[in-house]
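Notes follow once the structure below has been shown.
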There are 2 protein chains.
Amino acid sequence: MSGSPSGRRHTRDDVSEVALRLLDEYGLPDLTMRHIAAALEVRASALYWHFPNKQALLAAVSARILRPMEDVRVEEMSVSETVRRLGARLRECLLAYRDAAELVSSSLALGLVDSPVRPQLMTVTRRDGVPDSLSRVAAEAVMHFVVGYTFHEQQRLTADSFGLLAADASSLNPENATARPSDGGDFEEALKMIADGLQVSVRQHTETSTG
Amino acid sequence: MSGSPSGRRHTRDDVSEVALRLLDEYGLPDLTMRHIAAALEVRASALYWHFPNKQALLAAVSARILRPMEDVRVEEMSVSETVRRLGARLRECLLAYRDAAELVSSSLALGLVDSPVRPQLMTVTRRDGVPDSLSRVAAEAVMHFVVGYTFHEQQRLTADSFGLLAADASSLNPENATARPSDGGDFEEALKMIADGLQVSVRQHTETSTG
DNA sequence: ACCTGAACACCGTTCAAGT
DNA sequence: ACCTGAACACCGTTCAAGT
């Protein structure tokens with residue numbers, strides 16, 4: 001089936017690409033070194049030539065998931081719009097692959113991947129004269145909120161797909177139909193709150209420096 | 001040493017209490033069913049009489065970690081103060097035990113523990129006539145930000161305690177001393193942003209309803 | 001009601017040795 | 001440079017059986 005004879009060698013990029021495919025297909029609990037190796041037609045121990053340990057491999061997968069963040073063109077945006085667009089794009093990146101939010105959450109916490117929000121937000125805030133300290137804080141708030149929110153959301157999605165609450169939850173309490181739309185409206189409302197909060201901080205900062 | 005003869009039986013509460021002690025002492029990776037059982041002088045299989053699986057046991061430990069949230073008395077606070085106090089208290093709860101933020105993060109995402117922010121925030125927002133939809137969104141923003149931020153923070157703390165970057169990081173780049181104070185000032189600034197954002201949303205809401 | 005014993009089907013990681 | 005083979009020291013979970 002595959003184009004190359006069985007004796008092929010692999011690169012770090014091959015490994016993380018195949019790992020991402022497996023993540024999406026079988027989920028994080030089944031993303032084991034042995035399974036990744038098997039998909040590459042190799043033994044698990046071979047992976048340790050490319051990566052020092054599993055966490056490093058998973059960090060490479062996380063970086064792959066976050067790659068589309070770089071395509072967001074923020075040059076013409078206001079600060080508030082940038083916050084909302086980067087947050088929305090981050091959520092899209094995480095929803096694009098099964099269990100991606102959980103994986104990225106841990107890579108970020110371990111400090112093995114860079115902030116997917118900070119650099120682009122900073123170009124805009126610097127352009128507008130917003131102090132770096134404020135934009136760094138806002139970038140953290142956006143990142144942690146989006147990753148946590150989407151982690152929870154993604155968990156509910158796969159729980160629903162296993163039919164774990166389809167029947168009784170909606171019959172016992174009809175409110176649930178409206179109580180858990182989770183169509184992204186709440187998400188965008190929260191992003192707007194953080195963006196508005198940043199604006200307030202900026203105003204307060206310029207007031208104290210001027211007056 | 002212990003007061004009772006060796007034939008003692010256990011309850012769910014005993015189990016989660018001992019598990020929390022082990023978490024704090026040895027960390028999440030070593031919090032295995034076998035280690036918990038050993039600390040209770042019992043076999044791992046015995047734990048499955050008390051809990052259906054490990055995630056359920058960990059959820060009980062998470063609930064224990066979050067218990068001090070109930071002691072926050074919000075009755076006399078403004079909405080903004082409530083957001084900041086609940087956020088700060090949540091961070092304290094998570095920093096009180098090793099790896100607690102990581103553990104609680106996953107229990108929350110799996111939906112196995114209730115929001116540690118929502119109920120108390122809602123009593124205050126309802127008192128002030130803030131619509132439930134806004135306060136629910138704010139509660140989510142606060143919760144996800146605090147858990148994510150503290151997860152990252154706690155990971156750095158234990159990394160530092162293992163001396164993983166003490167030497168070269170500060171010598172190569174002296175800015176790092178100021179770049180990572182992480183003394184909580186950034187944290188409180190971010191909480192204030194979310195609180196301010198909520199205030200803005202409330203004002204916008206009442207304007208549209210009135211005018 | 002609460003636990004043991006033993007097994008099942010796995011893990012991540014190391015390392016000498018191969019090509 | 002890249003991988004195999006084999007081992008080490010573990011996992012979570014199930015279930016018949018004990019008391």
Side-chain angles (χ1 to χ4, degrees), chain A residues 2 4-20 22-23 25-62 99 102-103 106-107 109-110 112 155 162 164, chain B residues 2-20 22-23 25-62 99 102-103 106-107 109-110 112 155 158 162 164:
Chain A
S2 68
S4 45
S6 59
R8 275 207 65 249
R9 256 69 200 241
H10 297 290
T11 69
R12 280 173 60 98
D13 262 44
D14 294 341
V15 176
S16 63
E17 185 186 342
V18 165
L20 179 53
L22 289 184
L23 173 73
E25 204 156 349
Y26 303 107
L28 189 56
D30 287 331
L31 192 66
T32 69
M33 298 301 268
R34 286 169 218 260
H35 286 159
I36 298 165
L40 292 159
E41 293 177 293
V42 117
R43 309 287 141 180
S45 53
L47 299 176
Y48 288 84
W49 194 91
H50 300 283
F51 297 94
N53 51 48
K54 190 185 181 182
Q55 282 300 346
L57 197 166
L58 294 183
V61 177
S62 296
D99 291 347
E102 181 173 6
L103 174 60
S106 113
S107 294
L110 293 169
L112 300 177
Q155 211 62 51
F162 275 77
L164 294 186
Chain B
S2 68
S4 45
S6 60
R8 273 209 64 250
R9 257 68 199 241
H10 297 291
T11 69
R12 280 174 60 100
D13 261 44
D14 293 339
V15 176
S16 62
E17 185 185 342
V18 165
L20 179 54
L22 288 184
L23 173 73
E25 204 156 348
Y26 304 107
L28 189 55
D30 287 332
L31 191 64
T32 68
M33 297 301 268
R34 285 169 218 260
H35 286 159
I36 298 165
L40 292 159
E41 293 178 291
V42 118
R43 309 288 141 179
S45 53
L47 299 177
Y48 289 83
W49 193 91
H50 299 284
F51 297 94
N53 51 49
K54 190 185 182 182
Q55 282 299 346
L57 197 165
L58 294 184
V61 178
S62 296
D99 292 347
E102 182 173 4
L103 174 59
S106 112
S107 294
L110 293 170
L112 299 177
Q155 210 63 52
T158 67
F162 275 77
L164 293 186

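Every chain is numbered from 1 and lettered A, B, ... according to where its sequence line falls, protein lines coming before strand lines.
Comparing D30(B) and A46(B) by the nucleotide of DNA chain D that holds the closest heavy atom to each, the one mapping nearer the 5' end is D30(B).
Residues Y48(A) and M33(A) meet the side-chain proximity criterion, which asks for heavy atoms closer than 4.5 Å. Between L40(A) and L47(A) the shortest side-chain heavy-atom distance falls below 4.5 Å. Counting only heavy atoms from C-beta outward, the side chains of D99(A) and P29(A) approach each other to under 4.5 Å. L58(A) is listed as a side-chain neighbour of L31(A), based on a closest heavy-atom distance under 4.5 Å. At a threshold of 4.5 Å between non-hydrogen side-chain atoms, the residues S16(B) and H50(B) do not count as touching.
Rounded to whole angstrom, the span from the CG atom of L47(A) across to the P atom of dT14(C) amounts to 13 Å. If you take NZ of K54(B) and P of dC10(D), they are 15 Å apart, rounded to a whole angstrom. One atom, CH2 of W49(B), and another, C1' of dT19(D), lie 15 Å apart when rounded to the nearest Å. With rounding to whole Å, R43(B) atom CZ is found 17 Å from dG12(D) atom C1'.
Other residues, nucleotides and ligands contribute over 12 non-hydrogen atoms within 6.0 Å of the CZ atom of F51(A).
dC10(D) and dA9(C) are spaced 22 Å apart, taking the P atom of each and rounding to whole Å. Rounded to whole Å, the separation between the C1' atoms of dC8(D) and dC11(C) comes to 12 Å.
When both distances must be under 3.5 Å, the Watson-Crick or G-U wobble mate of dC10(D) does not exist. Pair assignment for dC15(D): dG5(C), on the basis of Watson-Crick or G-U wobble contacts that are both within less than 3.5 Å.
Residue H50(B) has a polar side-chain atom (N or O) positioned under 4.0 Å from OP1 or OP2 of dC3(C).
Looking at the side chain of N53(B), the nearest of the listed nucleotides dA1(D), dT13(C), dT13(D) is dT13(D). In this structure, the nucleotide among dT14(C), dT14(D), dC2(D) sitting nearest to the side chain of S45(A) is dT14(C). Of the listed nucleotides (dG5(D), dT13(C), dC3(D)), dT13(C) has the atom at the smallest distance from the side chain of Y48(A).
Of all the residues in residues 31-40 of chain A, T32(A), M33(A), R34(A), H35(A) reach under 4.0 Å from DNA chain C with at least one non-hydrogen atom.
For H35(A) (side chain) and L22(A) (main-chain N/O), no donor-acceptor pair under 3.5 Å exists by modelled atom type.
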